[in-house]
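Take a look at this one; I'll ask things after.
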2 protein chains.
Amino acid sequence: MESSVKAAGKPTMAGQIEVQLRHDILHGILAPGAKLNLDKLRSSMDVGLSPLREAVTRLVAEGLIEAEAQRGYTVTPISVANLNEVCALRLELEPYALRKSIENGGLDWETAVMGALYRLNKTDRIPGDPVSLANWEVANNAFHLTLVERCDMPLLIKMYKSLVSMNDRYRHIYLKAVAVQRDVIDEHTAIAQAAVERRANDAAALLARHIERSTNNLRLLISADLPENPQ
Amino acid sequence: MESSVKAAGKPTMAGQIEVQLRHDILHGILAPGAKLNLDKLRSSMDVGLSPLREAVTRLVAEGLIEAEAQRGYTVTPISVANLNEVCALRLELEPYALRKSIENGGLDWETAVMGALYRLNKTDRIPGDPVSLANWEVANNAFHLTLVERCDMPLLIKMYKSLVSMNDRYRHIYLKAVAVQRDVIDEHTAIAQAAVERRANDAAALLARHIERSTNNLRLLISADLPENPQ
DNA sequence: TGTTGAAATAAAATCGATTTTCTAGTATAA
DNA sequence: TTATACTAGAAAATCGATTTTATTTCAACA
C-alpha cells in the first residue's frame, strides 16, 4: 500500500518510512506486540528521528501501532477477538459498499471489475513462494477494492482499506505456507458476475459468504495459537 | 474529546495542542477548507513546531485535516456529500453497534444507559447560549456513546467517535442558534427503553430514525449554503 | 527480608536551526 | 500573445541537540 498522505512530486522521507514500517508490521517482521524503541529503530533503519516519528504517528492512526503518552509505541497485538472484530466489520461494511457500487457504477466500473477478475484468475497463488503470494495478494486486493470503490464514499473506503490491511497481517503470519483448499476462483467469479449483472442481493450475499469463509480459514489456524482474549 | 493517544502521567504538549486544534476545527474557528500554515499557527498558538506537527498529523488521521505531501495542510472542507456520507455510515454502524451492546450489556450497562438518559433530560439546551449548548452536547454524546459502548468492538467505537465528531462540526457551524423543534427527549427515552428491555429491533429502528431526523434537520440548513458536490 | 527513596539511566518529547521543495513573479524567446 | 526558464521568497520537511519524563538500580531503613 502506498503512503496514507496524498503524494505530490518527490516522495517525502516520512512517507517512505511509513511504507517500509507498514510492510514490516503487516508481514510480521515487526512482531505483534513488539515494543518500538524509536531510537534503535532510527539507527537500524538509518533515518532521522523526525520523519520516523511522523511515520509512526500515521501508523498509530491506522491502528497498526499503539501509542501511550510518554511510554512509547507498540506494534498492535493480534488476538482472536481482534480478528473477529475485523471480520465482523468487513461483513458489515463490504457488502454495503458493494451495493452502493452497484448503484453508482457504470460501464467503466463493470469493465474494471471484469478486468481485475481476469488478472486475479491469471495470477497463481503458490504456497511457500513469497513472490507469488505477494503478487496474488496485490491482485486479490485490487479485485476486492474495485468491487467496492464506486460506492463513492471516501470515508468508507478508508475504513475498508484499514480493515483489509489488518486482515492481511493475519494472513501473512498464519497463512504463509498453507494452500487454499476451497475454490476461491469460483467464488470471485460468482461475485463479479452478480455485481456486473446488478443482482445486488446475490452479490452482497456471495461477498459476505466469501469473507466468512476466508476468515474461518484463518480463525482455525489462529485459535490454536492464541488465547481467546485480546492483550 | 480528549487526546487520541492514551494518556499516562503528565499530558504531553502534542496532546494538548491536539485537543485545542480539534476544538477549533469542530467549532469552525479554523474554518472548513482553510489553509493551515504551520509556522503561523505555531506563533499564534505559541507552541513549538514539533508537537504542533505531531498534533496535526493525528488530526489528519482523524479526518479533520487533509494533508498533501510537501504542500501542507488544509482543514477538511465541508460539503453536502460529506454530510451525507457521515450520516449514511452512522446509519449503518450505530444501530449495528447498539444491537451488539444489547447482546453484551448487563445490568451495569442498563444502569449506565438510564443514568446518561437522566442527565441528558435534565440538561437544558438553550439556543444561543454557548455554555448551555456545550453542556448539552457533552450529555448528548455521552448518552449515545453509552448506548453503543458495550458492543465491545474497539475499532467500531473508534470509527463511531470519528463520525460523531464530524457530525458535530456541522451542528456547531449551522445549528448555533436554532432551536430543535421535534421532541428529542421522547426519542431518546424511547431508544433507551427499547435498549434496556432488549427489544433489539425496536431499539435499532428508533435509533436509526433518530439519526435520520437529526441529519435531515442539518441537511436543510446546509443545502441552502453549499453546492451539492464536494470541493 | 521487604520497602522506601534517591540517583542514574534510558527513552520520549521538544526545541531551534538547516535543508529541501514548492510557488509566484519576472524576463526572455518563440 | 503564449510558453518556457530562471530567480527570489515562502513554506514544508528534516536534522542534531536539549529537555523532560519514566524506569531501573541500589542503598538505607524498618
Side-chain angles (χ1 to χ4, degrees), chain A residues 2-22 24-25 30-31 33-62 64-77, chain B residues 2-22 24-25 30-31 33-77 231:
Chain A
E2 69 283 9
S3 160
S4 60
V5 169
K6 199 195 297 180
K10 292 270 158 98
T12 117
M13 215 15 62
Q16 294 173 253
I17 299 172
E18 177 194 350
V19 169
Q20 169 82 47
L21 278 180
R22 183 186 294 110
D24 288 357
I25 292 173
L30 291 170
K35 182 83 175 51
L36 290 183
N37 183 321
L38 291 197
D39 209 47
K40 286 175 189 164
L41 246 193
R42 184 191 57 73
S43 42
S44 79
M45 296 181 78
D46 195 38
V47 296
L49 193 58
S50 310
L52 176 61
R53 259 189 98 78
E54 174 128 3
V56 167
T57 304
R58 292 184 195 165
L59 293 175
V60 168
E62 212 173 306
L64 297 178
I65 293 178
E66 291 180 345
E68 198 170 356
Q70 258 118 13
R71 229 169 276 182
Y73 302 93
T74 309
V75 178
T76 302
Chain B
E2 71 283 6
S3 160
S4 60
V5 170
K6 199 195 297 179
K10 293 269 159 99
T12 100
M13 215 16 61
Q16 293 174 253
I17 299 172
E18 177 194 349
V19 170
Q20 169 81 50
L21 278 180
R22 182 185 295 109
D24 288 356
I25 292 173
L30 290 170
K35 182 83 175 52
L36 290 183
N37 183 319
L38 291 197
D39 208 46
K40 286 175 188 162
L41 248 191
R42 185 191 57 73
S43 43
S44 79
M45 295 180 78
D46 195 38
V47 297
L49 193 58
S50 310
L52 176 60
R53 259 189 96 79
E54 173 128 4
V56 166
T57 303
R58 291 184 196 166
L59 294 176
V60 168
E62 213 173 305
L64 297 178
I65 294 178
E66 291 180 347
E68 197 170 355
Q70 258 119 14
R71 231 170 275 183
Y73 303 92
T74 309
V75 178
T76 301
Q231 205 341 330

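Just so it is clear: chains get the letters A, B, ... in the order the sequence lines come, proteins before strands, and each one is counted from 1. Side chains are part of it too, since the values below use all heavy atoms of this structure and drop only hydrogens, waters and symmetry mates.
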On the nucleotide C/dT23, are OP1 or OP2 found under 4.0 Å from the side-chain N or O atoms that B/Arg71 carries?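 Yes, B/Arg71 has a side-chain N/O under 4.0 Å of OP1/OP2 on C/dT23.
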So B/Leu21 and B/Leu52, do their side chains get closer than 4.5 Å, heavy atoms only? yes
Atom CE of B/Met13 to atom P of C/dC15: distance rounded to whole Å? 7 Å
Whole angstroms only, please: what is the CG-P distance between A/Leu38 and D/dT21?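 To the nearest whole Å, that distance equals 18 Å.
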Residue-phosphate contact under 4.0 Å: A/Lys40 side-chain N/O, C/dA12 OP1/OP2: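 No.
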Nearest-angstrom distance from the residue atom CD of A/Glu68 to C1' of D/dA22: 11 Å
Less than 4.0 angstrom between a side-chain N/O of B/Gln70 and OP1 or OP2 of D/dA13, yes or no? no
Over how many whole Å does the gap from B/Gln16 atom CD to D/dT20 atom C1' extend? 13 Å
Could you state the CG-P distance from A/Leu52 to D/dG16, rounded to the nearest angstrom?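 Atom CG in A/Leu52 sits about 14 Å away from atom P in D/dG16.
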Below 4.0 Å: OP1/OP2 of D/dA12 and any side-chain N or O of A/Thr12: no
On DNA chain D, compare the nucleotides closest to B/Asn37 and B/Ser50; which residue's is nearer the 5' end? B/Asn37
Once you round to the nearest 0.5 Å, how far does OG of A/Ser50 lie from CD of B/Glu54? 10.5 Å
Provide, to the nearest angstrom, the distance between the CZ atom belonging to B/Arg53 and the P atom belonging to D/dC15. 12 Å
Taking the minimum atom-to-atom distance to the side chain of B/Lys35, which one of C/dA17, D/dA11, C/dA13 wins? D/dA11
Contact nearer the 5' end of DNA chain D, comparing A/Gly15 with A/Leu49: A/Gly15
A/Leu36 near the nucleic acid: base, sugar-phosphate alone, or nothing, with a heavy-atom cut-off under 4.0 Å? sugar-phosphate
Distance, nearest 0.5 Å, that separates OG1 of B/Thr76 from CD1 of B/Ile65: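 Atom-to-atom, B/Thr76:OG1 and B/Ile65:CD1 are 7.0 Å apart.
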With heavy-atom distances below 4.5 Å as the criterion, would you say the side chains of B/Gln16 and B/Pro51 are in contact? no
Length of the line joining A/Glu54:CD and D/dA12:P, which is rounded to integer Å: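 These atoms are roughly 12 Å apart.
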Whole-Å distance between C/dA13 C1' and B/Arg58 CZ?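 Between C1' of C/dA13 and CZ of B/Arg58: 11 Å.
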Evaluate the side-chain proximity of B/Leu59 to B/Glu62: yes if any heavy-atom separation is below 4.5 Å, no if none is. yes
